[in-house]
Q: 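First the structure, which I've put down as structure tokens, then a few questions once you've had a look.
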Amino acid sequence: PETFSWPNVPWGFMCGSAATAVAFNFLINFGVAYSFPLLISIGTVVGIPLNALVDVLFRDDKLGVMEIIGCVLVVFGFCCMLVPVRDAKIEERTTLVAEYIGGDRDNTNSNNNNN
């Protein structure tokens, strides 16, 4: 079994990572509650390619082929989420439900007026 000693644990990095994870989750929940969920999803999804860009610009890292493909796929997947889907069956059902609710309400009011 692997053994480790408590003084050799990088507590600063672990506490910093835990604090930023708590802040990230809090800000995501706060943003969804007080802003637009689409805006928050943009920030979380596009954050991965932006972190890679920051690494290239400030740390002089070189992106490999797999990282570039991954960034392109993340952006492509997000763009696919933004494309509106129009399904005639869904629109028809929504219209039928709306007409039923509206028609039912009208029939109830007319029956109450006749009594």
Q: Under a single-linkage rule joining Ile, Leu, Val, Met, Phe, Trp and Tyr whose side-chain heavy atoms are separated by less than 4.5 Å, which residues share a cluster with V65?
A: I69, L73
Q: Are L57 and L53 packed together at the side-chain level, in the sense that at least one heavy-atom pair is separated by less than 4.5 angstrom?
A: yes
Q: Are N8 and S5 packed together at the side-chain level, in the sense that at least one heavy-atom pair is separated by less than 4.5 angstrom?
A: yes
Q: For S35 and V32, indicate whether the former's side chain and the latter's backbone hold a donor-acceptor pair under 3.5 Å.
A: no
Q: So how far is it from I48 CD1 to E67 CD, rounded to the nearest 0.5 Å?
A: 12.5 Å
Q: Hydrophobic clusters join Ile, Leu, Val, Met, Phe, Trp and Tyr when side-chain heavy atoms are under 4.5 Å apart, directly or via other members; which others share one with V9?
A: F4, W6, W11, M14
Q: Restricting to non-hydrogen atoms, name the atom on P49 and the atom on C71 that form the minimum distance, rounded to 0.1 Å.
A: CA-SG, 3.8 Å
Q: Ignoring hydrogens and geometry, is there a side-chain-to-backbone donor-acceptor pair from T20 to G16 under 3.5 Å?
A: yes
Q: Give the C-alpha distance, both sets of side-chain angles, the deciding distance and a yes or no for side-chain contact (heavy atoms from CB on, under 4.5 Å) between V45 and V74.
A: CA-CA 7 Å; V45 171; V74 166; 3.8 Å; yes
Q: Distance check, rounded to the nearest 0.5 Å: I40 atom CD1 versus L27 atom CG?
A: 8.5 Å
